[in-house]
Engineer: 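First the structure, then my questions, so here it is.
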Amino acid sequence: SKATPKGLLRVNATLGFGRSHVAPLISRFVRKHPQVEVQLQLSVNPPPLADDQFDVCFRFGHPPDSRAIARFIAPNRRLLVASPAYLKRHGTPATPADLSRHNCIGIRQGDEAYGQWRFTPARPGRGATRAETVKIRGNLTTNDGGIAVNWALDGHGILLRAQWDVERYLASGRLVQVLAGYGSPDADIHAVYGPQHRSSVRVRALVLVR
């Protein structure tokens with residue numbers, strides 16, 4: 001606890017979350033620990049932990065490698081959103097099944113099954129309680145979440161996106177939450193590192209900075 005963090009720290013994160021959250025976090029971190037040299041690499045798909053390219057990876061959901069250490073950073077709900085203009089033209093879905101009749105904006109990222117959205121009722125008393133999988137369709141697909149959000153803002157369709165990426169647009173009214181009574185699987189944010197970095201002062205200092 002008395003050691004001073006110093007040396008090289010290799011960090012990986014996804015493009016959107018890396019730009020908006022991890023980069024500012026590292027700015028605060030190096031101001032507090034100027035003897036640490038940070039290399040931040042952003043990528044669409046997270047690299048495998050086994051090749052030890054990075055000391056810390058910021059990831060959504062639990063890592064598939066059970067040997068990895070995952071420190072919880074923040075909750076991450078995913079919300080269905082659309083612009084008021086799109087909903088005015090095409091109507092507002094009342095159930096997940098209604099999404100099959102809407103233009104849905106697709107995102108191809110990581111290992112998640114593309115073209116399928118899963119939902120469960122978020123409130124009791126809404127009928128079925130089992131998870132429901134909906135096969136979506138639409139004419140726009142990307143591997144960049146920021147682009148997908150911009151398409152939703154432009155009124156092109158309904159988007160399933162992390163709350164951290166759309167909450168400012170929900171607050172301003174440029175996007176509206178759809179199917180608020182249903183939830184999709186959470187993808188909580190974790191700082192993930194291999195067991196070989198367990199005792200690293202640099203790693204511990206980074207995952208604790210706020």
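The figures that follow rest on heavy atoms only: side chains count, while hydrogens, waters and symmetry mates do not.
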Engineer: I need the minimum non-hydrogen distance between Gln177 and Leu170, along with the two atoms involved.
Structural biologist: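 Here Gln177 and Leu170 meet closest at N-CD2, 3.6 Å.
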Engineer: Under 3.5 Å, is there a donor-acceptor pair between the side chain of Thr142 and the main chain of Asp144?
Structural biologist: yes
Engineer: Look up atom CG in Leu153 and atom OG in Ser172, then write down how far apart they are to the nearest 0.5 Å.
Structural biologist: 8.0 Å
Engineer: Please check if Ile189 and Leu40 belong to a single hydrophobic cluster, counting links between Ile, Leu, Val, Met, Phe, Trp and Tyr side chain heavy atoms closer than 4.5 Å.
Structural biologist: yes
Engineer: Under 3.5 Å, is there a donor-acceptor pair between the Asn12 and Ser43 side chains?
Structural biologist: yes
Engineer: Quick one: closest heavy-atom pair of Trp117 and Ile158, and the distance?
Structural biologist: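 Looking at all heavy atoms of both residues, the closest pair is CH2-O, 3.6 Å.
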Engineer: To the closest 0.5 Å, what do you measure between CZ (Phe72) and NE2 (His190)?
Structural biologist: 6.5 Å
Engineer: Taking the inter-plane angle between the rings of Tyr86 and His102 on a 0 to 90° scale, is it parallel (under 30°), tilted (30 to 60°) or perpendicular (over 60°)?
Structural biologist: tilted
Engineer: If you take all heavy atoms of Asp98 and Pro93, which pair is closest and at what distance?
Structural biologist: CB-CB, 3.6 Å
Engineer: Can you tell me how far apart OG1 (Thr92) and NE2 (His90) are? Round to the nearest 0.5 Å.
Structural biologist: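 Reported to 0.5 Å precision, the distance equals 11.0 Å.
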Engineer: Look up atom CD in Gln39 and atom CG in Leu9, then write down how far apart they are to the nearest 0.5 Å.
Structural biologist: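 Gln39 CD to Leu9 CG: 9.0 Å, rounded to 0.5 Å.
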Engineer: Apply side chain to side chain contact (heavy atoms under 4.5 Å, CB included) to Val149 and Tyr169, showing your working.
Structural biologist: CA-CA 10 Å; Val149 172; Tyr169 301 118; 3.7 Å; yes
Engineer: Which class fits the ring pair Phe58 and Phe17: parallel under 30°, tilted 30 to 60°, perpendicular over 60°?
Structural biologist: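 Correct class here is tilted.
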Engineer: Would you please name every residue forming a side chain to side chain donor-acceptor pair (under 3.5 Å) with Gln41, sequence neighbours left out?
Structural biologist: none
Engineer: Rounded at 0.5 Å granularity, tell me how far NE2 in His21 sits from CG in Asp165.
Structural biologist: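 One gets 8.5 Å once the value is rounded to the nearest 0.5 Å.
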Engineer: Which heavy atom of Val134 sits nearest to which heavy atom of Ala97, and what is that distance?
Structural biologist: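 Answer, listing the atom of Val134 first, then Ala97: CG2-N, 4.3 Å.
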Engineer: Got a donor-acceptor contact below 3.5 angstrom from the Arg89 side chain to the Gly155 backbone?
Structural biologist: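 A pair under 3.5 Å: yes.
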Engineer: If I take atom CZ from residue Arg137 and atom CZ from residue Arg101, how far apart are they, to the nearest 0.5 angstrom?
Structural biologist: 10.0 Å
Engineer: Could you check whether any side-chain heavy atom of Leu206 comes within less than 4.5 Å of a side-chain heavy atom of Val11, counting everything from C-beta outward?
Structural biologist: yes
Engineer: What are the two closest heavy atoms between Arg108 and Asn143, and how far apart are they?
Structural biologist: O-CB, 3.2 Å
Engineer: Tell me the closest heavy-atom pair linking Ala187 and Asn76, and the distance in Å.
Structural biologist: O-ND2, 2.8 Å
Engineer: Taking Arg174 for the side chain and Ser83 for the main chain, is one N or O donor matched with an acceptor at less than 3.5 Å?
Structural biologist: no
